[in-house]
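Some notes on the structure that comes next.
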Number of protein chains: 2
Amino acid sequence: MNAHRKGPTAADVARAAQVSTATVSRAFNNPEKVAADVRDRVLRVAKQLGWFPHPAGAALASRRSWLIGAVIPTLDNDVFARQVAALQARAMQEGMTVLIGSFNYDPEQSLAHVRTMLARGVEALAIVGESHPPELFQMIEARGIPYVLTYGWRPDIAHPAIGFDNACAYARITRHLLDLGHERFGVIHQPLHNNERVGQRLLGIRQALAERGLGLRPRHVVEGPARLEFGAAGLERILAAEGPVPTAIICGNDALAIGALHAARARGLNVPRDLSITGFDDSEIAAWTEPPLTTYAVDYAAIGQRAAEYLLARLEGRAADVLGAVGGGLVVRTSTAPPPG
Amino acid sequence: MNAHRKGPTAADVARAAQVSTATVSRAFNNPEKVAADVRDRVLRVAKQLGWFPHPAGAALASRRSWLIGAVIPTLDNDVFARQVAALQARAMQEGMTVLIGSFNYDPEQSLAHVRTMLARGVEALAIVGESHPPELFQMIEARGIPYVLTYGWRPDIAHPAIGFDNACAYARITRHLLDLGHERFGVIHQPLHNNERVGQRLLGIRQALAERGLGLRPRHVVEGPARLEFGAAGLERILAAEGPVPTAIICGNDALAIGALHAARARGLNVPRDLSITGFDDSEIAAWTEPPLTTYAVDYAAIGQRAAEYLLARLEGRAADVLGAVGGGLVVRTSTAPPPG
DNA sequence: CGATGTGATGTAAGCGCATACATACCCCGT
DNA sequence: ACGGGGTATGTATGCGCTTACATCACATCG
């Protein structure tokens, strides 16, 4: 690979503008320290020569990379995309740029991403979730850079984190259904593997049920990919189970819920009269399904924005009171109703 | 900001391993050039000291940043997210990392992103669309780095590009409807502003219509944000127009089409019996709407992957025959049918 | 057995910039 | 007119690494 083209250097600009390289550097980085006429001359010459500070030289001398790393499961999910977009917007205001790595729910890959990001000199890291190899956190600690976990948050979490309490959120959904009078529940959820958030959610459901002396039957809990297709297949499977069938189905996200909605209709069931179904995330389409979906909204943009806030503050040695839970809440539409009979 | 922590340097490792810094560097970058025992010793000492090559030093000395820039309209859209994910996956195989910038259909922002990316030392750039200030392309040319435009592609495009021909794609959709017997068409499309692809699409529709001696009435063409809500509002507006109303509605993407589907149902129209509606992108949900949506699939992942291929090849001075059109085609489902009567 | 080649390692020169420190200059007060 | 203090600019060093080149040990072969 020969990626290099020899361009002009600060020295060339200095010579052409009849100043020293120090003044060239100052004209770019501390304009107020340079007399207006000199600065203008330098900037003009630089533009003419097509020069601007070479990042590696600048990074080396100033010991700053102006890079923040964001490690997320996948970009193919609005939830993370929104978060990253907000992080990036805020970071850009401070002149920092964001490096994104998607790890596809694979701890190997998250480790690899953190490794290369550190090798690229990121000054801070935002990472989705807790399910990562201990080595990942050790590497970060060893580097001594600020980091923050995003998406999930729990009162007893062992890292700086910004997000929402998955257990609480799903307990909230469950109580909504309990209050409507439901007693038999089904759950269609994402893979538990390497995703502590999903475990938290099941926990939240189970706790809310336990409060009323209820429980979840294993045959009414199905796990699979977070896609419409599995939402449909999952509901089929639950309804095919032995014995009395659930009257309420709690889904891991809106896509699963929409799939379930379809499967229910295909079986001639009326939602919500015969079966209540809930989603999660309050995606755009949730308001437009037939019937409109009861779901749970989380302010994902706030997660990204506050994560940026936190990291920026840490980099400046400031304190920032932004860790913890972000806003969110149940959005009741018409896919939930009292159970039949 | 004090982002710096003084860590060990190559010299520390060299000393501890009783070799020169050159050998340390080689042990990391050209392991095969170092005797096995020495290499192991160096790597062990390095790990023990928690050292690895400082990126800025490495970048400065080797004149490589291993960075590729991706400039896209927004991450909030699956279409671009998929493309970026593929680009990134391919780039990572070669040890390069991808810097992402979303410009929100604002040329100012795309310019700003390219500027900071160049300042970060990216070695190549992938950019969505042609609607950017000339200055943007000048900056890239001045830097002399490879770049490729993605998403849109035309036979007469003036840049290296990978994507699909928006005009052809929409002509194809239009002909499908023409073949079904439609003669009056409506269009619900995204903002034309700073988005040459949308203009291309309208062009394609008009050309296909012209071939059969037909045209588009201005009052049957509405422009607005690419959201469900506007899909619905747009259809309302078209149906409220004076005179005979369209029997086929061509939408700029699946979200608009789904919105239109809803509005049609709300007005008591049966799709496709009373009205045909088409989408674009073949998003996951398109197969699950009521009725399932006729739409147009584009292999967005291939765009990202081939863009990476092209840039990588250029960086290595190789030729790569990947520019041009990617796969795609009409997906006929049941939201289209012959016009009523 | 000495000339020559080969592979492993060391030496040292930058890579392009920021910045602490030194210097020159100017303004002002006295 | 002179000194003090502030401001604009220059000087020179080093950031941490890679790599061309020099060197050295050793094996090979005529």
Side-chain angles (χ1 to χ4, degrees), chain A residues 1-43 45-46 49-66 95 118-121 123 143, chain B residues 1-43 45-46 49-66 95 118-121 123 143:
Chain A
M1 303 219 186
N2 65 337
H4 193 57
R5 267 176 6 88
K6 208 161 170 46
T9 74
D12 296 326
V13 176
R15 199 172 316 116
Q18 316 201 50
V19 295
S20 70
T21 60
T23 300
V24 173
S25 172
R26 280 191 285 258
F28 275 76
N29 304 313
N30 297 87
E32 76 283 359
K33 300 226 160 204
V34 175
D37 56 334
V38 177
R39 183 189 18 193
D40 293 347
R41 177 154 39 95
V42 171
L43 295 181
V45 169
L49 264 55
W51 178 89
F52 53 83
H54 183 114
L60 185 52
S62 65
R63 280 154 256 193
R64 291 281 260 134
S65 69
W66 299 94
L118 290 178
R120 293 261 173 293
E123 298 178 15
R143 199 61 162 251
Chain B
M1 302 218 185
N2 66 337
H4 193 58
R5 265 176 11 86
K6 208 161 170 44
T9 73
D12 297 326
V13 176
R15 200 171 317 116
Q18 316 201 52
V19 295
S20 69
T21 59
T23 299
V24 172
S25 173
R26 280 192 285 256
F28 274 76
N29 303 314
N30 298 88
E32 76 284 0
K33 300 224 159 204
V34 175
D37 56 334
V38 177
R39 179 186 358 147
D40 292 348
R41 178 152 39 97
V42 170
L43 295 181
V45 169
L49 265 53
W51 178 89
F52 54 84
H54 184 115
L60 184 53
S62 66
R63 281 153 256 193
R64 291 280 261 135
S65 69
W66 299 95
L118 291 177
R120 292 262 172 293
E123 299 179 15
R143 199 60 162 250

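Throughout, protein chains are lettered first and strands after them, A, B, ... in sequence-line order, and every chain is numbered starting at 1.
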Task: Rounded distance [0.5 Å steps], CZ in B:Arg39 versus CZ in B:Arg26 - done: 13.0 Å
Please tabulate, one pair per line, each protein N/O and nucleotide N/O from nucleotides 7-10 of chain D that are separated by under 3.5 Å, including the distance.
{"from": "D:dT9", "atom 1": "OP2", "to": "A:Ala35", "atom 2": "N", "distance (Å)": "2.9"}
{"from": "D:dG10", "atom 1": "OP2", "to": "A:Ser20", "atom 2": "N", "distance (Å)": "2.8"}
{"from": "D:dG10", "atom 1": "OP2", "to": "A:Ser20", "atom 2": "OG", "distance (Å)": "3.1"}
{"from": "D:dG10", "atom 1": "OP2", "to": "A:Thr23", "atom 2": "OG1", "distance (Å)": "2.6"}
{"from": "D:dG10", "atom 1": "N7", "to": "A:Arg26", "atom 2": "NH2", "distance (Å)": "2.8"}
{"from": "D:dG10", "atom 1": "O6", "to": "A:Arg26", "atom 2": "NH1", "distance (Å)": "3.3"}

Task: Degree of bending, the helix from C:dC1-D:dG30 to C:dT30-D:dA1 (end axes from five pairs; round to 10°) - done: 40°
If you take all heavy atoms of [X] and [Y], which pair is closest and at what distance?
X	Y	value
A:Ala59	B:Ala56	CB-CB, 3.7 Å
B:Ser65	B:Arg120	CB-O, 4.4 Å
B:Pro8	B:Leu49	CG-O, 3.5 Å

Open item on the list: Going by the rule side-chain hydrogen bond (donor to acceptor under 3.5 Å, both in side chains), which residues pair with A:Ser25 if we only count those two or more places apart in sequence or in a different chain?
Closed with: A:Asn29
Open item on the list: If you assign B:Asn30 and B:Gly57 each to the DNA chain D nucleotide with the nearest heavy atom, which residue ends up on the more 5' nucleotide?
Closed with: B:Gly57
Open item on the list: Holding to salt bridge (Lys or Arg N to Asp or Glu O under 4.0 Å), I want the full list of residues that pass it with A:Asp40, two or more places apart in sequence or in another chain.
Closed with: none
Rounded distance in Å - [atom1] ([X]) to [atom2] ([N]):
X	N	atom1	atom2	result
B:Leu60	D:dT19	CG	P	12 Å
B:Arg64	C:dG16	CZ	P	16 Å
A:Asp12	C:dC15	CG	P	11 Å
A:Arg15	C:dC17	CZ	P	12 Å
B:Asn29	C:dA8	CG	P	17 Å
B:Phe52	D:dT18	CZ	C1'	17 Å

Open item on the list: For a quick test of reading the model: is some side-chain N or O of A:Ser62 closer than 4.0 Å to OP1 or OP2 of C:dA18?
Closed with: no
Open item on the list: With a 4.0 Å cutoff (strictly under), does any side-chain N or O of A:Thr9 reach OP1 or OP2 of C:dG16?
Closed with: no
Task: Residues forming a ring-ring contact (aromatic ring centres under 6.0 Å, His included) with A:Phe28, sequence neighbours excluded - done: A:Trp51
For a quick test of your reading: what N or O donor-acceptor pairs under 3.5 Å do the side chains of residues 10-24 of chain B make, sequence neighbours left out?
{"from": "B:Asp12", "atom 1": "OD1", "to": "B:Arg15", "atom 2": "NH1", "distance (Å)": "3.4"}
{"from": "B:Asp12", "atom 1": "OD2", "to": "B:Thr9", "atom 2": "N", "distance (Å)": "2.9"}
{"from": "B:Ser20", "atom 1": "OG", "to": "B:Ala22", "atom 2": "N", "distance (Å)": "3.4"}
{"from": "B:Ser20", "atom 1": "OG", "to": "B:Thr23", "atom 2": "N", "distance (Å)": "3.3"}
{"from": "B:Ser20", "atom 1": "OG", "to": "B:Thr23", "atom 2": "OG1", "distance (Å)": "3.4"}

